Undergrad: 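Below you'll find the structure I mean.
Fair warning: this is a prediction, and the values are worked out from it, not measured in the lab.
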Amino acid sequence: MASMDECRQALRDLAAKLDRNADEVQGRIDLDRTLACRITDLEAAFHGRLASGRLLDIADGDDPKAKIALITSSDDLLALVNGELDVARAMAGRRISIKAGPLDLLKLRKLL
């Protein structure tokens, strides 16, 4: 099981990856949504905002009103961010769950 600090760093790493690609996707993907990342095995959560292809304002704590929610274990979060776990396969295997509207899911797929 990964620690809270490792999960926090994984989200920062994801934000850095998205930031490097933001200029490329900015005009093609119109996604401005609040995001919650719920870590099931740690009973913890983080929240932030996806805007212009970037992950911004990452903070500890849940956002129950978030438009997009990623629900996963700490180890699977690290594997996703490190590219060791494919998002589609992880969803099919129920290792992660993403709660979002259908259009947001399509946009997320292009973003990730």
Side-chain angles (χ1 to χ4, degrees):
M1 177 178 359
S3 70
M4 281 288 290
D5 287 336
E6 289 171 313
C7 290
R8 191 177 293 113
Q9 185 59 49
L11 289 172
R12 288 182 188 135
D13 292 346
L14 176 60
K17 286 179 185 180
L18 292 175
D19 196 50
R20 286 191 295 272
N21 296 325
D23 291 335
E24 180 181 320
V25 299
Q26 188 171 9
R28 295 183 295 138
I29 299 173
D30 178 30
L31 184 66
D32 188 355
R33 300 284 185 270
T34 52
L35 170 76
C37 179
R38 299 178 182 130
I39 314 298
T40 56
D41 56 335
L42 297 177
E43 296 182 8
F46 300 92
H47 66 275
R49 186 171 52 92
L50 286 169
S52 301
R54 291 178 163 83
L55 177 56
L56 308 168
D57 307 326
I58 301 168
D60 289 5
D62 197 3
D63 178 357
K65 295 182 180 180
K67 298 294 182 187
I68 299 171
L70 168 66
I71 303 159
T72 188
S73 71
S74 59
D75 288 337
D76 286 341
L77 174 65
L78 270 61
L80 280 169
V81 172
N82 292 330
E84 300 163 0
L85 183 61
D86 178 70
V87 174
R89 288 184 182 164
M91 287 180 68
R94 298 181 187 231
R95 292 177 66 178
I96 68 167
S97 173
I98 299 176
K99 295 184 179 182
L103 292 176
D104 288 345
L105 283 173
L106 290 172
K107 291 177 184 179
L108 273 175
R109 185 175 179 192
K110 291 178 184 178
L111 186 62
L112 299 174

Undergrad: Say you draw a straight line from CG of Leu105 to CE of Met91; how long is it, rounded to the nearest 0.5 Å?
TA: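 CE of Met91 is found 6.0 Å from CG of Leu105.
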Undergrad: When you compare the side chain of Leu14 with that of Leu77, does any pair of heavy atoms fall below 4.5 Å?
TA: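 Of all side-chain heavy-atom pairs linking Leu14 with Leu77, none is under 4.5 Å.
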Undergrad: I'd like to check Arg54 versus Leu18 (side-chain heavy atoms, cut-off strictly below 4.5 Å). Are they in contact?
TA: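 Counting from C-beta outward, Arg54 and Leu18 never come under 4.5 Å.
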Undergrad: Does one side chain, of Ser73 or Asp41, offer a donor that lies under 3.5 Å from an acceptor on the other?
TA: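 Distance-only check fails for Ser73 and Asp41.
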Undergrad: Please list, chain by chain and in numerical order, all residues satisfying salt bridge (charged side-chain N to carboxylate O under 4.0 Å, His left out) with Arg38, sequence neighbours excluded.
TA: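 Result, salt bridge (charged side-chain N to carboxylate O under 4.0 Å, His left out) vs Arg38: Asp62.
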Undergrad: So do the side chains of Thr34 and Lys65 get within less than 4.5 Å of each other, counting heavy atoms only?
TA: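 Not touching, per the 4.5 Å side-chain cut-off.
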Undergrad: Do Ile98 and Leu31 belong together in a cluster built from hydrophobic side chains that touch within less than 4.5 Å?
TA: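 Linked within one cluster.
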Undergrad: Rounded at 0.5 Å granularity, tell me how far CD1 in Ile71 sits from OG1 in Thr40.
TA: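 If I round to the nearest 0.5 Å, the distance is 9.0 Å.
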Undergrad: Spell out, as yes or no, whether a donor-acceptor pair under 3.5 Å connects the side chain of Ser74 to the backbone of Met4.
TA: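 Answer holds: no.
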Undergrad: Any chance you could measure His47, atom NE2, to Leu11, atom CG, to the nearest 0.5 Å?
TA: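 CG of Leu11 is found 11.5 Å from NE2 of His47.
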Undergrad: NZ of Lys17: more than 12 outside heavy atoms within 6.0 angstrom?
TA: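 Result for NZ/Lys17: enclosed.
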Undergrad: Among all residues two or more places apart in sequence or in another chain, which pass the salt bridge (charged side-chain N to carboxylate O under 4.0 Å, His left out) test with Asp104?
TA: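 Scan of Asp104 (salt bridge (charged side-chain N to carboxylate O under 4.0 Å, His left out), adjacent residues dropped) gives Arg33.
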Undergrad: Measuring from Met1:CE to Cys7:SG, what's the distance to the nearest 0.5 Å?
TA: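 Those atoms lie 10.0 Å apart.
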Undergrad: Quick one: does any side-chain atom of Asp32 pair with a main-chain N or O of Ala51 as donor and acceptor, under 3.5 Å?
TA: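 It does not hold such a pair.
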Undergrad: Nearest heavy-atom pair of Thr72 and Arg95: which atoms, and what distance?
TA: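 Answer, listing the atom of Thr72 first, then Arg95: OG1-O, 3.2 Å.
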Undergrad: Apply the side-chain contact (heavy atoms from CB on, under 4.5 Å) test between Leu108 and each candidate in Leu35, Ile68, Leu103; give the one that qualifies.
TA: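 It is Ile68; the other options fail the test.
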Undergrad: How long is the span from the CG atom in Asp60 to the CZ atom in Arg8, to the nearest 0.5 Å?
TA: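 CZ of Arg8 is found 4.0 Å from CG of Asp60.
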Undergrad: So which atom in Ala2 and which in Asp75 form the shortest heavy-atom distance, rounded to 0.1 Å?
TA: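 Residues Ala2 and Asp75, closest heavy atoms: N-OD1, 3.1 Å.
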Undergrad: Looking only at side-chain N and O atoms, does Gln9 offer a donor or acceptor that is under 3.5 Å from a partner on Asp13?
TA: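 There is such a pair between these side chains.
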Undergrad: Could you see if Val87 belongs to whatever hydrophobic cluster contains Val81? Use Ile, Leu, Val, Met, Phe, Trp, Tyr and a side-chain cutoff under 4.5 Å.
TA: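 Same cluster: Val87 reaches Val81 through Ile, Leu, Val, Met, Phe, Trp or Tyr contacts under 4.5 Å.
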Undergrad: Take atom CD of Glu43 as the centre, draw a 6.0 Å sphere, and report whether it contains more than 12 heavy atoms from other residues, nucleotides or ligands.
TA: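 No, not enclosed.
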Undergrad: How long is the span from the CG atom in Leu50 to the NZ atom in Lys67, to the nearest 0.5 Å?
TA: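 One gets 14.0 Å once the value is rounded to the nearest 0.5 Å.
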Undergrad: Shared ILVMFWY cluster between Leu80 and Leu42, side chains joined below 4.5 angstrom?
TA: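 Cluster IDs for Leu80 and Leu42 match.
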Undergrad: Among residues at least two apart in sequence or on other chains, which ones pass salt bridge (charged side-chain N to carboxylate O under 4.0 Å, His left out) with Asp57?
TA: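 So Asp57 forms a salt bridge (charged side-chain N to carboxylate O under 4.0 Å, His left out) with Arg49.
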